[in-house]
Amino acid sequence: MLAVGILPSVFIAFALFIIPESPRWLVMQNRVDEARSVLMKTNEIEAEVEERLSEILKAAGIGTGTGTGENQEEKAVWRELLNPSPALRRMLITGFGIQCFQQITGIDATVYYSPEILQTAGIEEKSRLLAATVAVGIAKTLFILVAIMLIDKIGRKPLLYVSTIGMTICLCGLAISLSLFKGTTLGVELAILSICGNVAFFSIGIGPVCWVLTSEIFPLRLRAQASALGAVGNRVCSGVVAMSFLSVSRAISMAGTFLIFTILSFLSVGFVYKLVPETKGKSLEQIELLFQKDRNWNEEEVELSDTQQLVKNEGN
């Protein structure tokens with residue numbers, strides 16, 4: 001079983017030889033011609049490539065006299081992260097928050113401990129436990145594929161709404177099945193449906209979209225460090241949930257634990273509504289403008305502002 005994991009690693013190792021560097025990273029290394037070449041591989045319209053390249057150059061501060069040495073730049077980045085501007089503070093709250101909500105809503109507890117949860121619901125036969133656990137894995141895989149197909153068609157925020165609302169309903173259903181209908185046929189069926197539904201809703205939205213958002217919302221000069229901070233929050237929350245789940249469930253019951261997850265999932269719906277902007281169809285430079293507006297983001301205003309800025313730059 002462990003040896004099978006070597007195969008994807010070998011494939012990725014070979015793939016790295018043909019995957020180009022990010023145009024933004026190349027620009028930051030003053031390799032502008034290589035960045036232009038990479039952009040041309042994904043867009044054959046030279047005018048659009050030059051426009052995108054100029055946006056990247058502007059965001060990276062190349063040619064504007066704002067470039068710094070590597071060590072000085074890294075120190076400046078951490079100073080800015082520790083004392084952020086209002087716009088950057090919104091980015092950090094959004095990026096760090098969505099990473100934490102991904103885990104504190106209990107997805108790892110649901111996946112790792114699904115056999116224990118189903119035993120509490122009333123399933124005793126090992127064959128039924130195995131079948132239900134396999135069903136959870138199948139649901140997770142299928143709905144990740146659905147998310148891949150939909151994320152650039154309907155956008156990030158609609159998927160997050162569907163995901164967080166659906167997870168809230170499923171977690172509530174699981175809490176009910178483990179309290180009111182524990183040990184009954186109805187309770188078992190509701191528990192299986194709720195677990196599979198929770199995993200499916202997670203996989204179609206907050207699971208993959210979380211990582212997409214954190215790779216999009218931060219300015220180029222801060223992206224690596226800010227994204228890393230978000231990943232730290234994600235892993236810490238995952239560890240806390242995984243290590244505390246059994247202890248907490250023994251203290252307040254399995255149903256009580258999932259009631260807490262239900263409340264946290266409900267809060268995540270409000271978080272998405274208030275603090276997560278739609279980033280579909282926007283360049284990384286346009287997304288930065290979203291956080292420079294009021295929290296009631298108006299996408300049309302951002303598009304207009306960005307267009308006016310480009311016109312102004314061309315006029316100069």
Side-chain angles (χ1 to χ4, degrees), residues 59 77 80-107 147 150-152 154-171 198 201-238 240-241 260-306:
V77 165
E80 191 170 354
L81 287 173
L82 293 172
N83 187 25
S85 65
L88 178 57
R89 188 178 298 113
R90 293 186 192 120
M91 294 177 193
L92 291 171
I93 291 172
T94 299
F96 194 80
I98 198 71
Q99 289 277 11
C100 292
F101 270 115
Q102 187 202 58
Q103 293 300 326
I104 63 174
T105 47
I107 187 61
L150 294 180
I151 192 168
D152 282 327
I154 67 174
R156 287 76 162 128
K157 200 161 182 173
L159 286 180
L160 285 174
Y161 279 137
V162 171
S163 178
T164 52
I165 293 171
M167 287 172 63
T168 302
I169 294 170
C170 290
L171 289 167
N198 183 47
F201 280 116
F202 173 88
S203 298
I204 203 174
I206 197 169
V209 173
C210 164
W211 298 102
V212 174
L213 275 173
T214 51
S215 71
E216 290 179 335
I217 62 176
F218 295 112
L220 181 62
R221 64 188 181 279
L222 308 169
R223 185 163 297 124
Q225 292 86 347
S227 296
L229 287 175
V232 169
N234 181 287
R235 294 296 84 202
V236 168
C237 290
S238 172
V240 169
V241 169
I260 293 174
F261 288 147
T262 301
I263 295 170
L264 292 172
S265 184
F266 179 76
L267 293 176
S268 73
V269 180
F271 181 86
V272 170
Y273 174 75
K274 282 286 187 182
L275 295 169
V276 178
E278 178 56 72
T279 57
K280 179 179 77 77
K282 292 179 174 60
S283 69
L284 302 183
E285 287 69 36
Q286 287 175 322
I287 292 169
E288 188 173 350
L289 292 176
L290 289 170
F291 290 91
Q292 294 173 3
K293 297 290 177 181
D294 185 78
R295 289 193 180 187
N296 296 319
W297 293 290
N298 187 316
E299 294 183 27
E300 293 182 359
E301 287 183 9
V302 171
E303 295 284 359
L304 179 60
S305 173
D306 194 48

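Closest non-hydrogen pair, Y161 versus V272, comes out as CE2-CG1, 4.0 Å. Nearest heavy atoms, G155 versus L159: O-CG, 3.5 Å. Minimum interatomic distance between F291 and M91 (heavy atoms only, all atoms of both residues): CG-CG, 3.5 Å. Residues P208 and A147 share a closest heavy-atom pair of CG-CB, 3.8 Å. Taking both residues in full, the closest heavy atoms of G95 and F218 are given as CA-CZ, 4.1 Å, listed atom of the first, atom of the second, then distance.
Residues passing the side-chain contact (heavy atoms from CB on, under 4.5 Å) test with L229 are W78, L81, sequence neighbours excluded. Residues that satisfy the side chain to side chain donor-acceptor pair (under 3.5 Å) test with S238, not counting sequence neighbours, are D108. Considering only residues two or more places apart in sequence or on other chains, T105 meets the side chain to side chain donor-acceptor pair (under 3.5 Å) condition with none of them. For F271, the side-chain contact (heavy atoms from CB on, under 4.5 Å) test picks out I93, I98, F101, L275, V276, with sequence neighbours left out. Applying the side chain to side chain donor-acceptor pair (under 3.5 Å) test to T168 and every residue at least two apart in sequence or in another chain returns S265. V240 meets the side-chain contact (heavy atoms from CB on, under 4.5 Å) test with V236, S244; sequence neighbours excluded. Not counting sequence neighbours, Q103 has no partner by the side chain to side chain donor-acceptor pair (under 3.5 Å) test.
With values rounded to the nearest 0.5 angstrom, L264 atom CG is found 9.5 Å from L171 atom CG. Interatomic distance, L290 CG to R90 CZ, rounded to the nearest 0.5 Å: 11.0 Å. One finds the CG atom of L160 at 6.0 Å from the CG atom of L213 (value rounded to the nearest 0.5 Å). With rounding to the nearest 0.5 Å, the separation of CG in L88 from CG in N83 is 9.5 Å.
Between Q102 and S268, the closest side-chain pair of non-hydrogen atoms is not below 4.5 Å. The side-chain heavy atoms of P84 and L92, taken from C-beta on, include a pair separated by under 4.5 Å.
The backbone N or O of T214 sits less than 3.5 Å from a side-chain atom of S227, completing a donor-acceptor pair. Side-chain atoms of Q99 do not come within 3.5 Å of backbone N or O of G233 as any donor-acceptor pair. For R156 (side chain) and T279 (main-chain N/O), no donor-acceptor pair under 3.5 Å exists by modelled atom type.
Of the options F266, F201, F261, a side chain to side chain contact (heavy atoms under 4.5 Å, CB included) to M167 is made by F201 and by none of the others.
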